[in-house]
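Single-structure report; data block below.
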Amino acid sequence: MKELGVKEQQYLKQEVCDLSVGKWIPKPEGPLYTNETCDYMASYTNCLKNGRPDGGFLHWKWQPNGCDLPPFDPLKFLNAMRNKSFALIGDSVFRNHARSLLCLLSVVAKADEIYHDRTNSGIFYYSEYNFTIYDIWSPFLVSYKLERNLPDLELYLDVLDSQWTKYYDKYDYILMSGSHWFYRRAVIYENNKIIGCHYCPDLELKNIDTDVPYRKALELTFKFITASEHKPFVVLRTWSPNHFEDGEFPGSRICNKTEPFKEGKINGDPADLLMRSVEIEEFEKAAAIGEKNGLRIELLDTYHLSLLRPDGHPGAYRNYHPFDGGKKNVENDCIHWCVPGPIDTWSELLMKIVIP
């Protein structure tokens, strides 16, 4: 009976484990890789090469409440993915994550980029493991048009983006999300008819709030996934926060923090919180349907732990040595994440979810 009691306590402990709830704790050791050992990272996220002077942002570890989060194990990951494929579907923040993952895996094996197109979608192949990573550019998940001859971005809420659907049957694992592109001005279509516009005060069109097209995009995406005979392991990643603050110059926006926020010091942008709530609601509906259909759908909730890391963005160091020559008012990137940096933690969480 005592043994059963202990097992019950362990079971309850597992049940309350929420990877998204916890705190950032100091970590003496640095990342698995550096900008000198990995060459997959984009120039605008290569903060160390670009001259960022502080390195403290590399020495924090996410500690979930009620459970352990082991460091990323590239060998275990590659062995688990042998003869498999993994698709990361989203915008440039997804590309940011894909390059972080490639760098983490490069400690054990380096992938060959076997495909690259004008959208910057790429395919990376690990021949030793017969493992393929698809980095797919699809910022809305649904179809859109953004062309020089068009006055506005056009968003089609009833048509999925073929960039990810055309090879859907190839994917064993899928990680996907919407993006900050939903905040952009857009003329919105259904059934090839304009139903309204987001952020178009100069046009005589019905205003559509940002969360409406995002909800419809997720609904259509999950309807396709749950109805398909192909059943990959699907993971929805939650919204990625930005940390723009007003700078000292008129109109300037910066992010120059060097440490994580303490819990309770930041609440998040209400617009971001609304988008995350849409994700949670649509995930829960889809996961329930998937369970009935033999399809596993999980949530990678990175929003809050990322919200606590204002120090993790490139900021001014999206460009190479931005303050050379005495420059002061320079462009800041407070959306993407330094590589290496806090975004590496997303892969630790991902590994915990997809690999037992």
Side-chain angles (χ1 to χ4, degrees), residues 1-29 31-32 59-81 86 88 97 100-101 104 172-177 222 232-241 260-268 272-273 275-292 294-309 312 337 341-356:
M1 290 299 294
K2 184 178 179 180
E3 183 180 348
L4 286 173
V6 170
K7 287 184 177 179
E8 184 178 13
Q9 287 179 349
Q10 291 174 340
Y11 175 77
L12 289 173
K13 182 179 179 182
Q14 290 174 351
E15 285 294 292
V16 299
C17 172
D18 185 341
L19 295 173
S20 68
V21 179
K23 61 184 178 181
W24 289 99
I25 60 174
K27 180 184 73 168
E29 63 273 15
L32 285 178
H59 294 276
W60 295 90
K61 172 181 171 56
W62 179 247
Q63 178 59 62
N65 293 342
C67 53
D68 294 323
L69 181 63
F72 186 82
D73 186 337
L75 182 58
K76 180 179 179 181
F77 187 91
L78 285 169
N79 279 325
M81 294 294 142
F86 207 126
L88 290 87
H97 184 192
S100 160
L101 177 59
L104 288 166
D172 296 300
Y173 294 85
I174 293 175
L175 177 64
M176 64 181 189
S177 179
F222 280 129
F233 189 137
V234 178
V235 182
L236 176 69
R237 195 213 73 212
T238 53
W239 204 254
S240 179
F261 281 124
K262 289 185 169 57
E263 192 65 60
K265 292 296 183 181
I266 185 170
N267 295 319
D272 288 352
L273 291 168
M275 299 299 257
R276 180 182 173 276
S277 71
V278 168
E279 292 167 335
I280 301 299
E281 291 166 13
E282 295 307 316
F283 159 74
E284 289 176 346
K285 289 190 289 187
I289 297 171
E291 189 174 6
K292 294 177 183 177
L295 172 69
R296 187 170 175 187
I297 304 175
E298 297 289 346
L299 187 73
L300 176 62
D301 192 358
T302 57
Y303 176 77
H304 186 69
L305 64 92
S306 301
L307 182 66
L308 297 177
R309 294 304 305 272
W337 301 88
I343 197 170
D344 294 332
T345 300
W346 296 7
S347 291
E348 293 180 349
L349 296 167
L350 180 65
M351 186 167 178
K352 182 87 171 179
I353 291 170
V354 302
I355 302 174

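Values below: all heavy atoms of this structure, side chains included; hydrogens, waters and symmetry mates excluded.
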Counting N and O atoms only, with roles assigned by atom type, does the side chain of [X] sit under 3.5 Å from a partner on the main chain of [Y], one being a donor and the other an acceptor?
X: Asp68; Y: Pro70; value: no
X: His59; Y: Pro28; value: yes
X: Lys61; Y: Pro71; value: no
X: Glu279; Y: Trp239; value: yes

- Query: Do the side-chain N and O atoms of Trp337 and Ser240 include a donor-acceptor pair separated by under 3.5 angstrom?
  - Reply: yes
- Item | Pair Thr345, Trp60: side-chain N/O donor-acceptor within cut-off below 3.5 Å |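 Result is no, nothing qualifies.
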Approximate separation, where rounding is to 0.5 Å, of [X] [atom1] and [Y] [atom2]:
X: His304; Y: Arg309; atom1: NE2; atom2: CZ; result: 13.0 Å
X: Phe222; Y: Met176; atom1: CZ; atom2: CE; result: 3.5 Å
X: Ile355; Y: Leu350; atom1: CD1; atom2: CG; result: 8.0 Å
X: Leu88; Y: Arg237; atom1: CG; atom2: CZ; result: 9.5 Å
X: Asp73; Y: Met351; atom1: CG; atom2: CE; result: 4.5 Å

Closest approach of [X] and [Y], non-hydrogen atoms and distance?
X: Gly268; Y: Tyr303; value: CA-OH, 3.5 Å
X: Trp62; Y: Ser20; value: CZ2-O, 3.5 Å
X: Thr238; Y: Asp301; value: OG1-OD1, 2.9 Å

- Message: The test is side-chain contact (heavy atoms from CB on, under 4.5 Å); show your working for Leu349 and Leu305 and say whether it passes.
- Response: CA-CA 11 Å; Leu349 296 167; Leu305 64 92; 3.4 Å; yes
- Any chance you could lay out the side-chain contact (heavy atoms from CB on, under 4.5 Å) test for Ile297 and Leu236, step after step, and finish with the verdict? CA-CA 8 Å; Ile297 304 175; Leu236 176 69; 5.5 Å; no
- Determine the interplanar angle of the Phe77 and Phe72 rings, folded into 0 to 90°, and report it as parallel if under 30°, tilted if 30 to 60°, perpendicular if over 60°.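 Geometry flag for Phe72 against Phe77: tilted rings.
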- Ser347 and its side chain to side chain contact (heavy atoms under 4.5 Å, CB included) partner, picked from Leu101, Leu300, Leu175: Leu101
- Task: Look at atom NZ of Lys23 and say whether more than 12 heavy atoms of other residues, nucleotides or ligands are closer to it than 6.0 Å.
- Result: no
- Message: For Glu282, is there an ion pair with Lys285 - N to carboxylate O distance below 4.0 angstrom?
- Response: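 A salt bridge is present here (some side-chain N lies under 4.0 Å from a carboxylate O).
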- Gln63 and Lys27: side-chain contact (heavy atoms from CB on, under 4.5 Å), yes or no, with the steps? CA-CA 11 Å; Gln63 178 59 62; Lys27 180 184 73 168; over 6 Å; no
- Given Arg276 and Ile280, is the side-chain contact (heavy atoms from CB on, under 4.5 Å) satisfied, shown in steps? CA-CA 6 Å; Arg276 180 182 173 276; Ile280 301 299; 4.1 Å; yes
- With a 4.5 Å heavy-atom cut-off, do Leu19 and Ile353 have their side chains touching?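 They are in contact (side-chain heavy atoms under 4.5 Å apart), so the answer is yes.
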- Leu295 side chain reached by Pro232 side chain, heavy atoms, under 4.5 Å: yes
